[in-house]
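Below is one structure, written out as structure tokens; the observations come after it.
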Amino acid sequence: MTGTENAAELVRHAPGAHEDGAALLPGGTTTSTQDFLRGVWEENPVLVQMLGLCPALAVTNTVANSLAMGLATFFVLTGSSLLVSTFKNLIPKEVRIASFILIIATFVTIADMTLAAVVPDIHKALGAFIALIVVNCMILGRQEAFASKRPIGRALLDAVGTGFGFIIAMVMMGSIRELLGNGSLLGYSVFGPSFEPWIIMILPPGGFLTLGIILLAFGWGRGRKAAEVPRVRRWPHGVASRRAA
Amino acid sequence: MSSDLFWILISAMLVNNFTLHLFLGLCPFMGVSAKIATALRMGAANIFVLTITSLVASFLNAYVLPFAPYLRLISFIVVIASLVQIVEMTIKKVSPTLFRELGIYLPLITTNCAILGLAIFQTNRGYGFLEGLAFALGAGLGLTLALVLMASIRERAELADIPALAKGMGLVLIIAGSLSLAFMGFAGLSTP
């Protein structure tokens with residue numbers, strides 16, 4: 001989904017209408033394990049689909065912040081998917097996006113108030129970005145592409161998987177940035193006092209650079225795997241062939 | 001007073017650039033920054049919607065939200081989304097040329113975090129009507145600047161001899177990181 005100059009193309013790609021969906025869902029039949037696992041790794045929202053980048057770059061300067069943001073987003077995504085899937089037959093098609101956003105905004109308000117009451121320090125550090133979960137395209141994308149068309153159980157599994165994938169990506173970014181930028185993990189010093197922290201990693205450019213380097217590393221790994229494809233036993237559902245392509 | 005307004009504009013445009021410093025509006029920044037011409041149009045559409053949003057947020061903050069502060073988020077998003085829809089329909093009716101130029105970008109912008117971010121930051125900082133307008137204009141110009149810079153670099157990168165491994169989003173993010181690094185130089189402006 002790189003290099004989409006055409007905005008219409010962008011609309012088709014961005015809100016979860018990813019090209020992989022068709023390959024993995026032949027006639028809409030997948031097992032529940034696949035519903036769950038797809039979002040965790042194979043179609044990780046941040047690292048593969050490049051959705052929900054704003055929070056992934058903005059608040060990942062410490063592990064604690066990343067984890068809090070990941071959990072809040074997980075809660076909003078699961079709650080919204082559950083509700084959208086429950087009411088999918090009552091929501092008119094014409095106003096479905098507006099209805100989804102209303103449902104999401106309600107859950108975000110709950111998450112915002114809960115965080116403010118339970119962990120006020122982290123709530124202050126995350127600032128406006130909690131409210132901005134509403135416009136996280138990953139959440140709206142899952143509602144539009146999955147929850148509004150599937151039974152409750154599968155929508156829930158898909159939301160839990162995607163939310164879990166988001167937490168993994170957030171904690172990955174947060175660990176790298178806090179470790180290099182501050183020499184610590186979750187506030188505990190790792191390298192000792194003689195370590196000269198790379199301040200840049202906890203500043204805004206560090207977010208771009210960290211994600212950029214992670215993506216380059218993933219691309220490198222995929223390139224190596226693709227070169228090996230003929231020798232590897234092909235997965236069912238054409239995963240290996242898709243990687244090669 | 002007027003120097004305050006000017007400072008708000010410069011601060012939103014350069015020092016706290018929405019895209020490169022606050023990470024707002026990354027979707028268009030990554031998605032429609034391949035060509036300079038499209039980037040400029042996207043920027044123009046952004047400035048337009050940001051200004052309207054600022055007006056609406058000022059109005060809501062002054063007259064509606066004092067009575068129901070817990071409805072802040074929901075009322076912002078609903079009002080902004082419906083207003084952009086109305087503006088889109090009006091432009092389509094009044095000036096089809098302008099609609100062709102901006103049309104496809106307007107609905108995309110509604111779910112852009114920069115718009116909601118502007119409304120929330122404006123509220124948190126307690127900006128009034130005029131300050132809000134200056135803030136919105138600065139933010140819009142900053143977004144346009146970042147988009148055009150990015151598009152210019154990407155147009156050059158098309159012609160450059162880049163290893164196949166580095167092509168794609170990884171490279172775009174690292175370019176963005178360098179741009180963000182360069183924009184950090186503007187932080188010196190904040191202590192005049």
Less than 4.5 Å to any heavy atom of chain B: does that hold for the side chain of [X], its backbone, both, or neither?
{"X": "A/Ala58", "value": "both"}
{"X": "A/Thr106", "value": "both"}
{"X": "A/Leu203", "value": "side chain"}
{"X": "A/Ile104", "value": "neither"}

>> Using side-chain heavy atoms (C-beta onward) and a distance below 4.5 Å, is A/Leu209 in contact with B/Leu173?
In response: no

>> Does any part of the side chain of B/Ile115, heavy atoms only, come nearer than 4.5 Å to the side chain of A/Val135, both counted from C-beta?
In response: no

> Angle class for the A/Phe129/B/Phe121 ring planes (parallel below 30°, perpendicular above 60°, tilted otherwise)?
Replying inline: perpendicular

Quick check: closest heavy atoms across [X] and [Y], and the distance to 0.1 Å?
{"X": "B/Ile120", "Y": "A/Ala128", "result": "CG2-CB, 3.7 Å"}
{"X": "B/Gly177", "Y": "A/Pro205", "result": "O-CB, 3.7 Å"}
{"X": "A/Phe208", "Y": "B/Leu20", "result": "CE1-O, 3.8 Å"}

> So which part of B/Thr19 gets closer than 4.5 Å to some heavy atom of chain A, the side chain, the backbone, both or neither?
Replying inline: backbone

> Where does B/Leu181 contact chain A at under 4.5 Å (heavy atoms): side chain, backbone, both or neither?
Replying inline: both

How long is the straight-line distance from [atom2] of [Y] back to [atom1] of [X], given to the nearest 0.5 Å?
{"X": "B/Phe23", "Y": "A/Leu132", "atom1": "CZ", "atom2": "CG", "result": "13.5 Å"}
{"X": "B/Ile77", "Y": "A/Leu102", "atom1": "CD1", "atom2": "CG", "result": "9.5 Å"}
{"X": "A/Leu53", "Y": "B/Leu24", "atom1": "CG", "atom2": "CG", "result": "12.5 Å"}
{"X": "B/Leu22", "Y": "A/Leu57", "atom1": "CG", "atom2": "CG", "result": "12.0 Å"}

> Near B/Glu155 CD, under 6.0 Å, is it more than 12 heavy atoms from other residues, nucleotides or ligands?
Replying inline: yes

> Please walk me through it: do B/Leu73 and A/Asp112 pass side chain to side chain contact (heavy atoms under 4.5 Å, CB included)?
Replying inline: CA-CA 10 Å; B/Leu73 194 56; A/Asp112 193 15; 5.8 Å; no

